[in-house]
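Take a look at the structure below.
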There are 2 protein chains.
Amino acid sequence: MTTSTKNTAAKILETLTDDILEGSYLPGEKLHIKTLKERYEVGTSPLREALSQLIAKDLVVSENQKGFYVSEISIDDLEDIYQARAKIEALCIEMAIEKGDDYWEANCLAAMYKLNKSSTSASVDLKEWQKRHSAFHSDLVAGCASPRLLQIRQSLFEKSTRYRNLWLKENVTNADTLGLNQQEHTALLNLALERDAKGAAQLVEAHILTPVEIIKKALT
Amino acid sequence: MTTSTKNTAAKILETLTDDILEGSYLPGEKLHIKTLKERYEVGTSPLREALSQLIAKDLVVSENQKGFYVSEISIDDLEDIYQARAKIEALCIEMAIEKGDDYWEANCLAAMYKLNKSSTSASVDLKEWQKRHSAFHSDLVAGCASPRLLQIRQSLFEKSTRYRNLWLKENVTNADTLGLNQQEHTALLNLALERDAKGAAQLVEAHILTPVEIIKKALT
DNA sequence: TATTTAAATAATGTCGACATTTTACAATTA
DNA sequence: TAATTGTAAAATGTCGACATTATTTAAATA
C-alpha cells in the first residue's frame with residue numbers, strides 16, 4: 001500500500017539525490033542496479049526512472065550497457081558551477097531590485113532578522129543556519145519573479161552542494177568567517193533596499209565566489 | 001539487434017522530444033502509455049525512462065496514477081522563457097567578449113559569412129537558414145567558455161522551440177523582417193569585434209525579445 | 001613471462017504479466 | 001431530473017524473468 005501520493009520512482013529519486021549530495025556515494029562510484037534494488041527495496045523500473053532523472057540533473061552519468069556512475073567532481077567543474085551561480089544570482093538580484101515591491105522588501109527584512117538571530121546566538125545550529133541563510137538569499141532573488149531563472153538558480157545551487165559541503169565542514173565553526181559573511185549580508189540587504197541594482201549584483205557575485213578558493217584547497 | 005550505440009530509452013527520448021517540439025503532440029495532450037508503446041514499438045521500461053527525462057526537460061508533466069501530459073504553453077510562459085533566454089544570452093555574450101580569443105573572433109566571422117550567404121540568396125532555404133542562424137549565435141557565445149552557462153542556454157533554447165515555431169511559420173518568408181534581422185546580426189558582430197561587451201549584451205537582449213509580440217498574437 | 005583466446009560469470013537493458021488505481025458507465029435513490 | 005452509489009472497463013505503475021552485452025577468469029600459445 002502506498003500512503004504517500006508519490007510513486008516509487010519519485011520517492012527513490014529524492015532519496016538517491018540526497019544520498020549522492022551528502023556523500024553516501026562518492027564521485028565516480030559505480031551504482032550497481034542490483035545493489036540499489038536491494039538497498040532501497042524497489043524494482044527495476046522505478047529505480048531506472050529515478051536514475052534517468054539523475055542523469056538529467058547531471059548528478060549521474062551512464063553509458064549504454066556499462067551502467068550508471070556518480071558524476072565526477074573536479075576543480076574545473078567547481079569553478080564553472082560557482083561562476084555560473086554567481087552570475088545567475090547577480091542577474092536575479094538585479095532584476096529583483098528593478099521589479100521588487102513592498103512585500104518583497106518586507107520579506108527580505110524578515111529573512112535578514114531571522115538569519116541574524118541564528119548567526120549571533122552563542123552556539124550556532126548549523127542546519128538551522130543553513131536553512132535561514134538559504135531562505136535569505138532566496139527571498140532576495142524572489143523579487144525577480146521569473147520562474148525559469150529561479151529554477152535555473154535552484155538547479156545550480158543543487159549542483160554545487162557536493163562542493164559546498166566541503167566548505168561547510170571546514171568553515172562553519174569558524175566565528176571570524178561567519179562574522180564577515182554576516183557583514184556582507186547586511187550590506188547586500190542595504191543595497192537592495194536602496195535599489196542599487198548594480199552594486200548589489202556586484203556584491204552578491206563576489207559573495208558567492210568567496211568559498212571557491214577554500215574548496216579548491218580541500219579538493220587537492 | 002542494436003546497430004546504434006544508444007539504448008532504446010535514449011533513442012525514443014530523442015524521437016519524442018522532436019515530436020513534441022514539432023507539434024506532433026499538442027500542448028496539454030495526454031500521452032497514453034499503450035499508444036506510445038505501439039507507435040514506437042518499444043516496451044514499458046525504456047518508454048517510461050524517456051518520459052522521465054522529458055519531465056526533467058519541462059516538456060512533459062505527470063501526476064501519480066494519472067499519466068503523462070505534454071506541457072501546456074501560455075503567454076506567461078512565453079514571456080518568461082524569452083526573458084530568461086535574452087538575459088542569459090546577454091550574459092554569455094558579455095563574458096565571451098571579455099574572454100574570447102582570436103579563434104573565437106575568426107569563428108564568429110566565418111559564421112556571419114555563411115549566414116549572410118543564406119540570407120541574401122534569392123530563395124531562402126528555411127532549414128539551412130535556421131541552422132546557420134543558430135550556429136552564428138552559438139559561435140558568438142562560445143567564447144564565454146562556461147559549459148554550464150552554455151548548457152543552460154541550450155536548454156532554454158529548446159524550451160522556446162514550440163513558441164519559436166509559431167514565429168517561423170509567419171515570418172520567415174517575410175523579406176523585410178529577414179533583412180532587418182540581418183542588420184542586427186551585422187551590428188552584433190561589429191560590437192563583439194570592437195569588444196563592446198555592454199553594447200553587444202544590450203543589442204542581443206533586444207534581438208531575442210523581438211519575436212515575442214508577434215508570437216503573442218499568434219497565441220491568441 | 002607476456003599475450004591472446006576462450007569459456008564462465010556477472011551486469012545491463014528490455015519485455016510482458018500482474019496488481020493497483022483511476023475513470024467511465026449504469027443502476028438506484030431522493 | 002439530479003445526485004449518489006456500485007460495478008465494469010481501462011490505464012498506470014511495479015515486478016521478476018529473460019535476452020543481450022560486458023567483464024572476469026582460466027587456458028593455451030608464442
Side-chain angles (χ1 to χ4, degrees), chain A residues 1-20 23-72, chain B residues 1-20 23-72:
Chain A
M1 189 195 68
T2 48
T3 49
S4 162
T5 173
K6 286 181 179 171
N7 61 15
T8 313
K11 278 185 283 186
I12 199 179
L13 170 63
E14 207 170 315
T15 309
L16 263 174
T17 302
D18 288 346
D19 288 349
I20 290 174
S24 304
Y25 302 100
L26 296 178
E29 182 174 345
K30 173 144 199 188
L31 299 170
H32 294 267
I33 298 282
K34 197 183 169 192
T35 312
L36 296 178
K37 278 173 67 175
E38 286 163 1
R39 180 170 304 168
Y40 299 108
E41 294 175 312
V42 293
T44 312
S45 300
L47 177 60
R48 289 185 59 94
E49 285 173 33
L51 288 170
S52 294
Q53 296 196 260
L54 283 168
I55 291 173
K57 281 193 189 190
D58 288 328
L59 291 178
V60 165
V61 295
S62 79
E63 209 176 335
N64 188 23
Q65 295 287 14
K66 296 199 179 166
F68 299 86
Y69 294 81
V70 179
S71 295
E72 295 283 3
Chain B
M1 190 194 67
T2 48
T3 49
S4 163
T5 175
K6 285 181 179 169
N7 61 15
T8 314
K11 278 185 281 186
I12 198 179
L13 170 63
E14 205 170 317
T15 310
L16 263 174
T17 302
D18 287 347
D19 287 349
I20 291 174
S24 304
Y25 302 100
L26 297 176
E29 182 173 345
K30 174 144 200 188
L31 299 170
H32 295 267
I33 297 282
K34 197 183 168 193
T35 313
L36 296 177
K37 278 173 66 174
E38 287 164 359
R39 181 170 306 169
Y40 299 108
E41 294 175 309
V42 293
T44 312
S45 301
L47 176 60
R48 289 184 59 93
E49 285 173 35
L51 287 169
S52 294
Q53 297 197 257
L54 283 168
I55 291 173
K57 281 194 190 191
D58 287 328
L59 290 178
V60 164
V61 294
S62 79
E63 208 176 336
N64 188 22
Q65 295 287 21
K66 296 197 180 167
F68 298 86
Y69 295 82
V70 178
S71 294
E72 295 282 1

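We use all heavy atoms of the structure for the numbers below, so side chains are in, but hydrogens, waters and symmetry mates are not. Within every chain, numbering begins at 1; the chains are lettered A, B, ... in the order of the sequence lines, protein sequences first and strands thereafter.
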Enter the distance from [X]:[atom1] to [Y]:[atom2] here, rounded to the nearest 0.5 Å.
X	Y	atom1	atom2	value
A/L16	A/K11	CG	NZ	13.5 Å
B/N64	A/N7	CG	CG	4.5 Å
A/R39	A/L47	CZ	CG	11.5 Å
A/I55	B/E49	CD1	CD	8.5 Å

Roughly, in whole Å, what's the span from [atom1] in [X] to [atom2] in [N]?
X	N	atom1	atom2	answer
B/L36	C/dT14	CG	C1'	17 Å
B/Y69	D/dA11	OH	P	11 Å
B/K30	D/dA10	NZ	P	14 Å
A/H32	D/dA22	NE2	P	17 Å
B/N64	D/dT14	CG	C1'	12 Å
A/L31	C/dG13	CG	C1'	16 Å
B/Q65	C/dT20	CD	P	11 Å
A/K34	C/dA10	NZ	P	8 Å

Just so I know, are the side chains of [X] and [Y] near enough to count as touching, which here means a heavy-atom distance under 4.5 Å?
X	Y	answer
A/V60	A/Y25	no
A/L31	A/V70	yes
B/Y40	B/D19	yes
B/I33	B/R48	yes

Proximity to the side chain of B/I33 - top-ranked nucleotide from D/dG13, D/dC15, D/dT12: D/dT12
Candidate nucleotides D/dT14, D/dT23, C/dA11, ranked by approach to the side chain of A/K66 - the nearest: D/dT23
Sugar-phosphate only, base, or nothing, as touched by A/K37 at under 4.0 Å among non-hydrogen atoms: nothing
Helix axis bend for the helix from C/dT1-D/dA30 to C/dA30-D/dT1 - C1'-based end axes, five pairs, 10° rounding: 10°
Any B/T8 side-chain N or O less than 4.0 Å from OP1/OP2 of C/dT14: yes
Pair B/T44-B/K37, side chain to side chain contact (heavy atoms under 4.5 Å, CB included): steps then yes or no: CA-CA 7 Å; B/T44 312; B/K37 278 173 66 174; 3.2 Å; yes
Strand contacts (DNA chain C) in residues 43-60 of chain A, 4.0 angstrom heavy-atom criterion: A/T44, A/R48
